[in-house]
Amino acid sequence: MRIFWIRKFRKNSGRRDICRKDNRGSSMVAALVAVAFVAILASVVMSSTITNYKLKTMNYKSKKTFYSAESAMEEIHAGLSSACYDELEKEYLKAITRLSSYGVTDSNEANDEANEDLRRGYLDAVRLLVTAYGKPPEWKLEDYLTEFLTDKTNASVISVGDVTSDVTSVTINDIVVQFKESETDYFSTVAVDLVMEFPNVKFDFINDRNTLKTYLDYCLIGMKGIEAGNNSSSSIAGGAFAGNFGGMGGLTVNNGSRLDFIEGLCSTVLVSESDINVKGTVNVTNGCKH
């Protein structure tokens, strides 16, 4: 019996030794799990970093193209404003000429009439400036507005709506400007309505006559010169100014033509910035100054 229990005891002892040998390598498994977890975490962090970088790059390029499109729209606004100012200047000179030739009296009614005449003339001129009326068939408002841009490679006017007007303004509706970078293909578009109004001012044509004497001396002002066509007969009742804008101008009377300077409502004065070329006949009455 003693030998039996001793052997039994030894068997149990051997089993406990086997169990202790089975625990070997458990720390390596834990280390591998920890390394795998760190690798996955690092991969997630790197992926998030790359995604964030791409988003920031896209945001930067999007803002850049947007502000570039805004700048292009400002260039169009500035260029169109300058063109409208030129039209206002022309109509102002026309109003002064009409005021002198009509011989209006010093009255508020005459001054109001001159201002109303200026307003109508200016709005008509601006309307003609931005419409295809009287222009070649290939003329497009998009091309006209694009000419004001400095960077025509990346910026352009891709579409324009209709042109409307009332008694105080002319409006170009739905102007769409696009800026597209040729290298990255990123682009932004800006759409606005541009309103060209008559200035909220009232010119005092009557009370400021002293400042207009230079213009009042002439009933005809030709900034690019004055020319009497072939075999024509013309008369100028008052003074005339023949300019030399762009290197072309002066007074020219062609073959078989007759040009008479006669006394009118304004002084009979002739001024020519360039040569006076007379191949026909020029007749001057009442001592024209030149």
Side-chain angles (χ1 to χ4, degrees), residues 82-107 109-129 133-136 139 203-290:
S82 178
C84 290
Y85 180 82
D86 291 341
E87 296 300 325
L88 178 62
E89 183 179 16
K90 294 176 184 177
E91 294 303 319
Y92 180 77
L93 295 177
K94 290 180 182 179
I96 292 174
T97 303
R98 287 191 289 265
L99 182 69
S100 174
S101 59
Y102 293 159
V104 295
T105 59
D106 295 342
S107 63
E109 290 78 11
N111 194 68
D112 293 340
E113 182 180 350
N115 276 276
E116 181 63 19
D117 193 23
L118 173 60
R119 183 190 63 80
R120 287 195 300 265
Y122 169 74
L123 293 177
D124 288 341
V126 171
R127 193 178 298 108
L128 292 176
L129 184 68
Y133 182 80
K135 296 183 177 67
W139 186 90
F203 298 96
D204 196 348
F205 291 100
I206 301 301
N207 295 328
D208 293 340
R209 294 179 69 91
N210 292 332
T211 63
L212 305 178
K213 285 184 177 180
T214 300
Y215 297 104
L216 295 176
D217 286 339
Y218 307 96
C219 66
L220 176 61
I221 298 176
M223 300 304 296
K224 295 184 179 180
I226 299 175
E227 180 179 1
N230 293 325
N231 302 315
S232 64
S233 179
S234 307
S235 61
I236 299 177
F241 174 80
N244 188 32
F245 183 80
M248 300 178 59
L251 176 63
T252 301
V253 181
N254 293 320
N255 292 325
S257 299
R258 177 185 177 90
L259 180 61
D260 295 324
F261 286 91
I262 60 178
E263 186 70 24
L265 295 175
C266 50
S267 302
T268 308
V269 178
L270 172 61
V271 176
S272 178
E273 283 191 321
S274 185
D275 296 336
I276 298 178
N277 186 10
V278 179
K279 297 180 180 179
T281 303
V282 176
N283 184 38
V284 180
T285 61
N286 296 328
C288 174
K289 303 176 184 179
H290 61 278

Can you name the nearest heavy-atom pair linking [X] to [Y], along with the distance?
X	Y	result
Ala242	Leu251	CB-N, 3.9 Å
Asn254	Glu227	ND2-OE2, 2.9 Å
Gly250	Ser272	CA-OG, 3.3 Å
Ala240	Phe261	CB-CE2, 3.9 Å
Leu128	Tyr133	CD2-CD2, 3.4 Å

[X] [atom1] to [Y] [atom2] distance, which is reported to the nearest 0.5 Å:
X	Y	atom1	atom2	value
Asp112	Asp117	CG	CG	12.5 Å
Ser82	Glu87	OG	CD	10.5 Å
Leu129	Asp124	CG	CG	12.5 Å

Which residues share a side-chain contact (heavy atoms from CB on, under 4.5 Å) with Val278, sequence neighbours left out: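 Val278 satisfies side-chain contact (heavy atoms from CB on, under 4.5 Å) with Val253, Ile276, Val282 once adjacent residues are dropped.
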Please tabulate, one pair per line, all N/O donor-acceptor pairs under 3.5 Å involving side-chain atoms of residues 230-237, not counting sequence neighbours.
| from | atom 1 | to | atom 2 | distance (Å) |
| --- | --- | --- | --- | --- |
| Ser232 | OG | Gly229 | N | 3.4 |
| Ser232 | OG | Gly229 | O | 2.7 |
| Ser232 | OG | Ser257 | OG | 3.4 |

Can you list everything that forms a salt bridge (Lys or Arg N to Asp or Glu O under 4.0 Å) with [X]? Sequence neighbours excluded, please.
X	value
Asp275	none
Lys135	none
Asp86	none

Considering residues at least two apart in sequence or located in another chain, which fulfil the side chain to side chain donor-acceptor pair (under 3.5 Å) criterion with Glu91? Lys94
